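The structure under discussion is supplied below as structure tokens; questions concerning it will follow.
What you see is a predicted model; the values in this text were computed from it and never measured. One-based numbering, in listed order, for ligands and for the atoms of each.
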Amino acid sequence: MKKKDIKSITLNELKEEVKHLGEPKYRAAQLFGLLYKKGIEDFRNMLNLPVSFRDLLQENYYISKVDLIKSAKSKDQTEKYLFKLEDENLIESVVIFSDKRVTECISSQIGCKYNCLFCESGKKGFIRNLTVSEIINQVLFVRKKMNSNPNNIVFMGIGEPLDNYDNVVKAICILNSKDAFNVGVRKITISTCGIIPAIKRLQERDWQIELSVSLHAPENKLRSYLMPINNLYPLPDLIEVCRNYADKTNRQITFEYILIKGVNDSPNYADKLAKLIGGFNSKVNLITFNPAPDSLLQAPAAPQVKYFKNKLIAKGIPTTIRISKGDDISAACGQLKSLHLK
Ligand code: SF4
């Protein structure tokens, strides 16, 4: 019989499995504590469980982990980790320190299907979804290293998290569980290119999870050029779904907008953007495009970025400019992996 990956099981599922093995349900919470609070990686070392139960666990389950193969630390303290998975695929996580808060940016897939024009990860194609445990193990690694949880967890690494909906939701259940990581769902952000059916499903969970939507253009044609997913889920429909999400969850939606010189950075686009997203609880996070060495796209000059921001603010849209972290260690999504493979 194939052993099950115990870190891919939520607490409720584990309660049922433990019961099935003839043990009381409370053993599941105990096991969660040993796996995630204590970080024990071998059932035989779970000494406060009965020997017979440890033997059953050993027979039926395994404890997965990720292998760190490379790390880098930036001058601004940003840390980046490159992990090898059991099938030799590589994933990355980034840990960002600011104002005494620690944010971990985690990956949800190996590669990505969506091929956005400005994204290096998207150009390399899609390999597979990460399992629940592969998502969880990125956080567990950092928790063990820092001896505490990151304050915030953002699904903003490689991959589109809502394209791996079931595993991402299960991972959030484990991260949120008080017997495991106890991270509040309000401290977890899902960043999406706009998979409408999945946003609706997420809203139905009534979780108040932070949603960050990559917009990058205020009109349909330009967005389809930058983000082919827009052909499937067009901008007007996406904005409508975001409006509902903000209303139902009472959470502010963040719209990410990468400013690309001569493509989407004219003042006219700031006006259109303000008109598009005005009137509901949202804010804009402007990101100056960070071109790869062979990119045909360019970054706008700093005054242009500031002008775009001020235009939005003048129209009543809360707007920030994202400060780039970890530039000296290739902290953008996919860069450490690319360097390693080269
Ligand atoms: S920006 Fe996000 S959705 Fe688009 S290709 Fe990159 S990882 Fe995929």
Just checking, is any N or O donor in the side chain of Q203 or N244 under 3.5 Å from an acceptor N or O on the other one?
no

Note: ligand 1 atoms sitting under 4.0 Å from heavy atoms of N115 are 5 (S)

Have a look at C116, G157, S108 and point out the one with the heavy atom closest to atom 5 (S) of ligand 1.
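Comparing heavy atoms across C116, G157, S108, the nearest one to atom 5 (S) of ligand 1 lies in C116.
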
If you count the atoms of ligand 1 from 1 in the order shown, which ones are under 4.0 Å from a heavy atom of C112?
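That gives atoms 3 (S), 5 (S), 7 (S), 8 (Fe) of ligand 1.
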
Under a 4.0 angstrom heavy-atom cut-off, which atoms of ligand 1 come close to C193?
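Going through ligand 1 atom by atom, the ones under 4.0 Å from C193 are 3 (S).
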
Ring-ring centroid check Y257 F308, cutoff 6.0 Å
yes

Give, for atom CZ of R44 and atom CZ of R54, the distance between the pair rounded to the nearest 0.5 Å.
10.5 Å

Could you give all pairs that pass the salt bridge (charged side-chain N to carboxylate O under 4.0 Å, His left out) test and reach residues 247-257, with sequence neighbours left out?
E210-R251, E256-R322

